[in-house]
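Notes to accompany the following structure.
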Amino acid sequence: MKRLVAAVMILTATVTFTGEALAQSVRPFTLRGTTAVIGNPFAPGGAVMEGAGTATHLGEWTNEGPVFFDASSGPPFAATAIARFTAANGDLLEVLLTGTVTASLVATATYHIVGGTGRFAEASGQGDFLAEPNPDGTLTYTAAGTIAY
């Protein structure tokens with residue numbers, strides 16, 4: 001009987017640990033989309049990004065969030081943004097972007113996933129981010145790196 005209890009305890013601990021490890025497994029993450037920047041990102045209050053696209057683990061998404069450029073530092077200018085991506089099922093993924101933007105509005109940054117809601121409640125990850133201007137004034141951007149959730 002003691003062996004049976006010990007075996008059940010070990011099995012339970014193993015299943016629990018494995019489930020937690022799988023829930024936080026690191027996976028590849030890619031994202032592509034287009035966003036409009038509304039307002040002046042050099043202003044003290046920054047500007048707002050609004051966009052849409054597709055990504056692994058999100059499916060089709062929309063996003064919004066503030067973006068700030070530091071006019072005292074460039075060019076290239078220091079840039080910071082907080083992007084809130086809403087997945088196809090309504091889950092939210094929150095991402096902090098830190099990098100630089102050139103005078104021609106090409107931005108390079110590192111993204112840091114800082115959580116969200118639903119399956120992304122404790123998500124983490126990081127990678128590279130690139131945004132390039134389009135003739136219509138929007139930006140097309142891509143990201144590639146990792147996500148864990």
Side-chain angles (χ1 to χ4, degrees), residues 10-149:
I10 289 170
L11 180 59
T12 301
T14 301
V15 169
T16 301
F17 177 76
T18 303
E20 289 174 1
L22 289 176
Q24 290 296 313
S25 64
V26 176
R27 303 167 177 138
F29 179 74
T30 58
L31 178 141
R32 181 167 180 78
T34 303
T35 193
V37 176
I38 302 162
N40 181 356
F42 290 103
V48 175
M49 299 178 299
E50 292 180 353
T54 60
T56 54
H57 312 285
L58 290 168
E60 291 187 14
W61 53 261
T62 58
N63 84 301
E64 57 84 23
V67 58
F68 305 90
F69 297 165
D70 181 357
S72 69
S73 67
F77 305 100
T80 304
I82 300 168
R84 294 177 194 95
F85 295 96
T86 303
N89 72 348
D91 289 351
L92 183 71
L93 182 68
E94 295 183 333
V95 176
L96 172 66
L97 299 154
T98 56
T100 59
V101 62
T102 66
S104 61
L105 298 179
V106 173
T108 56
T110 300
Y111 76 80
H112 301 274
I113 297 172
V114 295
T117 64
R119 71 183 182 277
F120 302 123
E122 295 185 30
S124 62
Q126 67 179 34
D128 298 321
F129 173 90
L130 173 67
E132 298 178 291
N134 296 315
D136 66 0
T138 63
L139 298 171
T140 295
Y141 53 93
T142 58
T146 62
I147 185 172
Y149 65 95

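Sequence positions, counted from 1, serve as the residue numbers for this chain.
Legend: residues meeting salt bridge (charged side-chain N to carboxylate O under 4.0 Å, His left out) with Glu50, ordered by chain and number and at least two apart, are absent. For Pro76, the side-chain contact (heavy atoms from CB on, under 4.5 Å) criterion is met by Thr100, not counting sequence neighbours. Judged as a side chain to side chain donor-acceptor pair (under 3.5 Å), and not counting sequence neighbours, the contacts of Thr102 are Ser104. Evaluation of the side chain to side chain donor-acceptor pair (under 3.5 Å) rule for Tyr141 yields Asn63 as partners, not counting sequence neighbours.
Remark: Phe85 CZ to Glu60 CD distance equals 14.5 Å, nearest 0.5 Å. Between the OG1 atom of Thr34 and the CG atom of Leu139 there is a distance of 8.5 Å, given to the nearest 0.5 Å. The distance from atom OG1 of Thr30 to atom CD1 of Ile147, rounded to the nearest 0.5 Å, is 10.5 Å.
Between Ala79 and Phe69 the shortest heavy-atom distance is CB-CD2, 3.7 Å. The nearest pair of heavy atoms linking Leu105 to Pro133 is O-CD, 3.6 Å. Ala47 and Pro41 get closest at one heavy-atom pair: CB-N, 3.6 Å. Across all non-hydrogen atoms, the minimal contact from Phe42 to Ala71 is CD2-CB, 3.6 Å. Between Met49 and Pro66, the shortest heavy-atom distance links the atoms CE-O, 4.1 Å.
With contacts defined as side-chain heavy-atom distances shorter than 4.5 Å, the pair Leu93/Trp61 does not qualify. Within the 4.5 Å cutoff, side-chain heavy atoms of Val106 are placed close to those of Leu130. No side-chain heavy atom of Val95 sits under 4.5 Å from any side-chain heavy atom of Phe129.
A distance-only check finds no donor-acceptor pair linking the side chain of Asn134 to the backbone of Asp136 [under 3.5 Å].
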Test Glu132 against Thr140 for side-chain contact (heavy atoms from CB on, under 4.5 Å), laying out the working first. CA-CA 5 Å; Glu132 298 178 291; Thr140 295; 5.5 Å; no
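Applying the side-chain hydrogen bond (donor to acceptor under 3.5 Å, both in side chains) test to every pair with at least one member in residues 66-85, sequence neighbours left out, gives these pairs: Asp70-Ser72.
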Could you pull out every donor-acceptor pair under 3.5 Å between side chains of residues 113-127 and any protein atom, sequence neighbours left out?
unit_1 : atom_1 : unit_2 : atom_2 : d
Thr117 : OG1    : Leu92  : N      : 2.9
Arg119 : NH1    : Asn89  : OD1    : 3.4
Arg119 : NH1    : Asp91  : OD2    : 2.8
Arg119 : NH2    : His57  : O      : 2.3

